[in-house]
Student: 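The structure is given below, and queries will be raised subsequently.
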Amino acid sequence: MKPLIRKPCVVANWKMQGSFEKIETFLKQLAHNMVDVNQLEIIFCPPSVYIDSVKKLILKNKALHPLKLGIQNTYCEQTGAFTGEISPLMAKEIGCDYGLVGHSERRTLFHEDDTLVARKVLAAYHANLVPILCVGETAKERDEGKTFEVLSRQLEVVFQQLSFEWLQTIIIAYEPVWAIGTGVPLASESVEAVNVYLRDYLARYDEKLKHLVRILYGGSVKGDNAKSFFAMGNVDGALVGNASLQVETFLTICRDAVSIMNQ
Ligand code: 13P
């Protein structure tokens, strides 16, 4: 049983996939089968260009009102001559409450380093967006026994600039890079071990954070394995990529989150 204070959370990250038509179908089916949102927070992160329209679809359908919107990436400034970038303030204005920051695809493919990630987290907070901070080691780093060292480094740059008030709301997503999109997740016991480490890390900043901050797992979470993660005491939900594109699979994951994490 999770402390009530950490509401279970499942995030759908569609990355640069789908279409408006697919989103409409997804939302329609989600509305018909909505899970108990008193027991689960669901955050949808569609490609940014659709967010405004998605917000309108949500407002039109009462069953979807509890669905939260997240943006996949925002810049570290609110306004200015930054062609192609997305302002956190503007994301908030069109209806986002959350923002992914530091996803491994951003870190690897777009060369975002820890310092930029930290600036983006700060800018998100200033815009009233709650950051979902993604951290995780590569296969090489894991093989070299550097997982905890890497996670500490990724967290430290961010944490040292945040007050307790902000830190208590952050969501951390532990996503081992090598498990993303491969169909091969990390074993649930190993995820639990990392999340326990992350919780102890939080306690170094303030003991209360250990109990307040939600820590998710991401990396090949699917309909048939989500349960194993949710059964772990220190996993508060999932950040789901591929499996969130199919509404039935996504709903299975959400239902498992409700039934297992609220037992
Ligand atoms: P997959 O679920 O496709 O492995 O992706 C995980 C992820 O990167 C979510 O942000």
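Order of appearance sets the numbers: ligands from 1, and atoms from 1 within every ligand. Because the structure is a prediction, the values reported are computed rather than measured.
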Student: Which protein non-hydrogen atom lies closest to atom 2 (O) of ligand 1, naming both residue and atom, and how far is it?
Tutor: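 Here the closest protein heavy atom is G241 N, 2.9 Å.
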
Student: Mind checking whether F44 and W14 have parallel, tilted or perpendicular rings, split at 30° and 60°?
Tutor: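 Answer is perpendicular, since the angle exceeds 60°.
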
Student: Report yes if some N/O of G218 lies less than 3.5 Å from some N/O of ligand 1; otherwise report no.
Tutor: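 The answer is no, given that G218 and ligand 1 share no N or O pair closer than 3.5 Å.
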
Student: With sequence neighbours excluded, what pairs up with E137 under the side chain to side chain donor-acceptor pair (under 3.5 Å) test?
Tutor: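 Partners of E137 under the side chain to side chain donor-acceptor pair (under 3.5 Å) test: R142, Y174, W178.
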
Student: Using heavy atoms and a threshold below 4.0 Å, how should the contact between N242 and ligand 1 be classified: side chain, backbone, both, or neither?
Tutor: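 Near ligand 1, N242 shows its backbone as well as its side chain.
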
Student: Checking salt bridge (charged side-chain N to carboxylate O under 4.0 Å, His left out) against D97, which of K55, K68, K92 comes through?
Tutor: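 Answer to the salt bridge (charged side-chain N to carboxylate O under 4.0 Å, His left out) test with D97 among K55, K68, K92: K92.
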
Student: Which atoms from ligand 1 have a heavy atom of L239 less than 4.0 Å away?
Tutor: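 This gives 9 (C), 10 (O) as the contact atoms.
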
Student: When you look at NZ of K227, are more than 12 heavy atoms from neighbouring residues, nucleotides or ligands closer to it than 6.0 Å?
Tutor: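 Check fails, neighbour count at 12 or below.
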
Student: Are a donor atom and an acceptor atom from the side chains of Y125 and T169 found within less than 3.5 Å of each other?
Tutor: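 Note: Y125 and T169 side chains meet the donor-acceptor criterion.
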
Student: Answer yes or no: are there more than 12 heavy-atom neighbours, outside K22 itself, under 6.0 Å from its atom NZ?
Tutor: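 Not more than 12 within 6.0 Å, no.
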
Student: Between R204 and D200 (salt bridge meaning N to carboxylate O under 4.0 Å), is one present in this structure?
Tutor: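 D200 and R204: not salt-bridged.
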
Student: For ligand 1, which atoms have a heavy atom of S220 less than 4.0 angstrom away?
Tutor: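 With S220 as reference, the close atoms of ligand 1 come out as 1 (P), 2 (O), 4 (O).
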
Student: Identify the closest protein heavy atom to atom 9 (C) of ligand 1: which residue and atom is it, and at what distance?
Tutor: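 Checking every protein heavy atom, the shortest distance to atom 9 (C) of ligand 1 gives E175 OE2, 3.0 Å.
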
Student: For atom 5 (O) of ligand 1, grab the closest protein heavy atom and report residue, atom and distance to one decimal in Å.
Tutor: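 Of every protein heavy atom, K15 NZ, 3.3 Å lies nearest to atom 5 (O) of ligand 1.
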
Student: Please report whether ligand 1 has a polar contact with T182, defined as an N or O pair separated by less than 3.5 Å (distance criterion only).
Tutor: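 Between T182 and ligand 1, no N or O pair is found under 3.5 Å apart.
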
Student: Looking at non-hydrogen atoms alone, which of H103, Q17, E105, K222 comes nearest to atom 8 (O) of ligand 1?
Tutor: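 Residue with the shortest heavy-atom distance to the ligand atom: H103.
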
Student: Under 3.5 Å between some N or O of ligand 1 and some N or O of G219?
Tutor: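 There is no such contact.
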
Student: Heavy-atom contacts with N13 under 4.0 Å: which atoms of ligand 1 show up? List them by number with element.
Tutor: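 Here the atoms of ligand 1 in question are 9 (C), 10 (O).
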
Student: Apply ring-ring contact (aromatic ring centres under 6.0 Å, His included) to Y205 and list each qualifying residue two or more places apart in sequence or on a separate chain.
Tutor: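 For Y205, the residues satisfying ring-ring contact (aromatic ring centres under 6.0 Å, His included) (neighbours in sequence not counted) are F159, Y201.
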
